[in-house]
Engineer: 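Encoded as structure tokens, here's the structure I'll be asking about.
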Amino acid sequence: MYLVCGEALFDFFSEEDASGLASKVNFKAIAGGSPFNVAVGLRRLGVDSALLAGLSTDYLGRRLQQVLHEEGVRADYLIDFAAPTTLAMVALGANGSPQYSFRGEGCADRQLRIEHLPALGPEVRGLHIGSYSLVVQPIADTLLALVQRETGKRLISLDPNVRLNPEPDIDLWRSRVAELVQLADLIKVSDEDLHLLYPEQDPAQVINGWLQHRCQLVFLTRGGEGATVFSRQHGSWSVPAAAVKIADTVGAGDTFQAALITWLTEHGMDSVEGVQSLEREHIDAMLKFAVQAAALTCSKTGPDLPYRRQLDLS
């Protein structure tokens with residue numbers, strides 16, 4: 001079982017009102033948040049998952065809980081808080097890329113404290129962390145403490161997934177990412193995130209620096225340009241993006257992440273030792289599987305992550 005840690009929220013997508021009145025704005029709300037999506041994505045791909053998260057006792061929080069239940073995500077690590085649910089207002093660019101504006105100060109998904117950290121049994125094979133839960137308090141220090149406690153014992157995966165709206169201090173992001181990359185076994189990062197974090201540095205140079213710690217693999221996603229993997233043992237290579245008619249790219253990175261973990265799980269390599277023993281052909285198959293999965297998400301509106309059977313058919 002994989003334990004995903006971090007935020008759960010509702011994405012609000014604006015829609016045109018048929019009346020054309022400027023005074024009316026319609027919204028379509030979809031359950032989301034990067035860790036929430038990864039947990040759901042793992043289940044849809046056939047991997048047992050749970051979400052360590054704070055959920056609101058308000059209406060939207062109960063809807064998030066219902067979605068997790070219906071998707072089969074374990075509820076063992078969910079904690080209730082009498083605080084609002086975070087809202088992310090999403091506007092889509094011309095290329096389908098999302099721009100986010102968060103309403104999250106004081107909300108439930110930020111409230112996890114160190115005293116809420118559970119003891120983990122042997123059924124938890126790995127942990128995934130990412131997105132703004134890495135930098136907003138108190139959850140940021142809580143997740144850091146969890147990863148410090150578990151590194152080397154379970155597979156740790158990290159996706160910085162930088163979101164400057166909830167925390168605009170890029171130096172804070174850099175500082176926290178620098179701590180976490182020393183503890184992770186596998187990292188997924190987008191070219192956009194690297195540009196935000198280190199605008200003056202060559203991405204390959206940054207990633208090769210990360211590989212000087214315990215990390216074995218870094219996957220760099222580049223949107224329509226495909227993805228590149230950097231392996232401590234086997235060097236670096238790229239694969240092109242899968243051809244698909246793009247509806248939007250919401251959830252594509254989360255799908256990519258869930259697919260990486262799924263490949264490792266299906267092949268019995270979802271452990272620190274397993275990742276260390278991967279051959280080049282294993283990593284290449286893993287990379288292509290994740291690219292294929294992300295393409296399916298891009299073909300649909302919103303974070304509608306694929307099911308395992310769809311990957312077999314595509």
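What you see below is based on every heavy atom in this structure, not just the backbone, and it leaves out hydrogens, waters and symmetry mates.
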Engineer: For His116, give me all partners under ring pair (Phe, Tyr, Trp, His ring centres under 6.0 Å), at least two apart in sequence or on another chain.
Structural biologist: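 With neighbours one apart ignored, the set is Phe81.
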Engineer: Taking ring pair (Phe, Tyr, Trp, His ring centres under 6.0 Å) as the test, write out the residues that go with Phe36, two or more places apart.
Structural biologist: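 Listed in chain order: nothing, the list is empty.
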Engineer: Which residues pass the side-chain hydrogen bond (donor to acceptor under 3.5 Å, both in side chains) test with Glu266, sequence neighbours left out?
Structural biologist: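 side-chain hydrogen bond (donor to acceptor under 3.5 Å, both in side chains) check on Glu266 returns Arg308.
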Engineer: Does this structure show an ion pair linking Arg309 with Asp312, if we count only N-O contacts that are shorter than 4.0 Å?
Structural biologist: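 Salt bridge: no.
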Engineer: Does Thr85 form a side-chain hydrogen bond (donor to acceptor under 3.5 Å, both in side chains) with Tyr59? I'd like the steps, not just the answer.
Structural biologist: CA-CA 9 Å; Thr85 297; Tyr59 171 74; over 6 Å; no
Engineer: Can you confirm whether the side chains of Ser34 and Tyr132 place a donor and an acceptor under 3.5 Å from each other?
Structural biologist: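 No.
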Engineer: Nearest 0.5 Å, please: how far is CZ in Arg44 from CG in Asp304?
Structural biologist: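 Output value for this atom pair is 5.5 Å.
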Engineer: So, for Phe13 and Phe27, is the gap between ring centers shorter than 6.0 Å?
Structural biologist: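 They do not qualify: ring centres at least 6.0 Å apart.
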Engineer: Got a sec, which residues hit salt bridge (Lys or Arg N to Asp or Glu O under 4.0 Å) with Asp48, two or more places apart in sequence or on another chain?
Structural biologist: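 Per chain and number, Asp48 pairs via salt bridge (Lys or Arg N to Asp or Glu O under 4.0 Å) with Arg74.
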Engineer: Kindly compute the distance separating OG1 (Thr86) from CG (Asp109), expressed to the nearest 0.5 Å.
Structural biologist: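 These two atoms lie 3.5 Å from each other.
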Engineer: List the atom of Pro166, the atom of Val136, and the distance in Å for their closest heavy-atom pair.
Structural biologist: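 For Pro166 versus Val136, the nearest heavy atoms are O-CG1, 4.1 Å.
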Engineer: In chain order, what residues pass the side-chain hydrogen bond (donor to acceptor under 3.5 Å, both in side chains) check against Gln233, with sequence neighbours excluded?
Structural biologist: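 Not a single residue meets the side-chain hydrogen bond (donor to acceptor under 3.5 Å, both in side chains) criterion with Gln233.
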Engineer: Between OG1 of Thr297 and CG of Asp254, what distance do you get to the nearest 0.5 Å?
Structural biologist: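 So the gap between those two atoms works out to 8.5 Å.
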Engineer: Hey, could you give me each pair passing salt bridge (charged side-chain N to carboxylate O under 4.0 Å, His left out) that has a residue in residues 193-214? Not counting sequence neighbours.
Structural biologist: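 For residues 193-214, and leaving out neighbouring residues, the salt bridge (charged side-chain N to carboxylate O under 4.0 Å, His left out) pairs sorted by first residue read Asp185-Arg214.
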Engineer: Could you check whether any side-chain N or O of Trp173 sits under 3.5 Å from a backbone N or O of Glu167, counting only pairs where one atom can act as donor and the other as acceptor?
Structural biologist: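 Side chain of Trp173 to backbone of Glu167: a pair is present.
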Engineer: Suppose we screen for side-chain hydrogen bond (donor to acceptor under 3.5 Å, both in side chains). Which residues come up paired with Gln111, at least two apart in sequence or across chains?
Structural biologist: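 Gln111 satisfies side-chain hydrogen bond (donor to acceptor under 3.5 Å, both in side chains) with no residue once adjacent residues are dropped.
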Engineer: What residues, two or more places apart in sequence or in another chain, satisfy side-chain hydrogen bond (donor to acceptor under 3.5 Å, both in side chains) together with Ser56?
Structural biologist: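 Once residues adjacent in sequence are excluded, the partners of Ser56 under the side-chain hydrogen bond (donor to acceptor under 3.5 Å, both in side chains) criterion are Asp58.
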Engineer: With sequence neighbours left out, what residues match Asp159 under salt bridge (Lys or Arg N to Asp or Glu O under 4.0 Å)?
Structural biologist: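 Partners of Asp159 under the salt bridge (Lys or Arg N to Asp or Glu O under 4.0 Å) test: Lys188.
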Engineer: Quick one: list whatever passes salt bridge (Lys or Arg N to Asp or Glu O under 4.0 Å) with Lys288, sequence neighbours left out.
Structural biologist: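 For Lys288, the residues satisfying salt bridge (Lys or Arg N to Asp or Glu O under 4.0 Å) (neighbours in sequence not counted) are Asp284.
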Engineer: Taking atom types as modelled, find out whether Asp141 and Gln137 have a side-chain donor-acceptor pair closer than 3.5 angstrom.
Structural biologist: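 Yes, because at least one side-chain N or O of Asp141 sits under 3.5 Å from a partner of the opposite role on Gln137.
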Engineer: Is it the case that more than 12 heavy atoms not belonging to Arg149 sit under 6.0 Å from its CZ atom?
Structural biologist: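 Yes, CZ of Arg149 has more than 12 neighbouring heavy atoms, counting only those of other groups under 6.0 Å.
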Engineer: Got a second to check how far Ser236's OG is from Leu220's CG, nearest 0.5 Å?
Structural biologist: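 Answer rounded to 0.5 Å: 8.5 Å.
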Engineer: More than 12 heavy atoms of other residues, nucleotides or ligands under 6.0 Å from NE2 of His267: is that the case?
Structural biologist: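 Atom NE2 in His267 is packed in, count exceeds 12.
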Engineer: Between Arg110 and Glu7, is there a salt bridge with N-O shorter than 4.0 Å?
Structural biologist: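 Here Glu7 does not pair with Arg110 in a salt bridge, since their nearest N and O are not under 4.0 Å apart.
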Engineer: Only counting residues at least two apart or in another chain, list the ones meeting side-chain contact (heavy atoms from CB on, under 4.5 Å) with Pro118.
Structural biologist: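 Leu52, Tyr77, Leu120.
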Engineer: Looking only at side-chain N and O atoms, does Thr228 offer a donor or acceptor that is under 3.5 Å from a partner on Arg222?
Structural biologist: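 Arg222 vs Thr228: donor-acceptor pair found between side chains.
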Engineer: Using the salt bridge (Lys or Arg N to Asp or Glu O under 4.0 Å) criterion, which residues pair with Glu179? Sequence neighbours excluded.
Structural biologist: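 Salt bridge (Lys or Arg N to Asp or Glu O under 4.0 Å) check on Glu179 returns Arg176.
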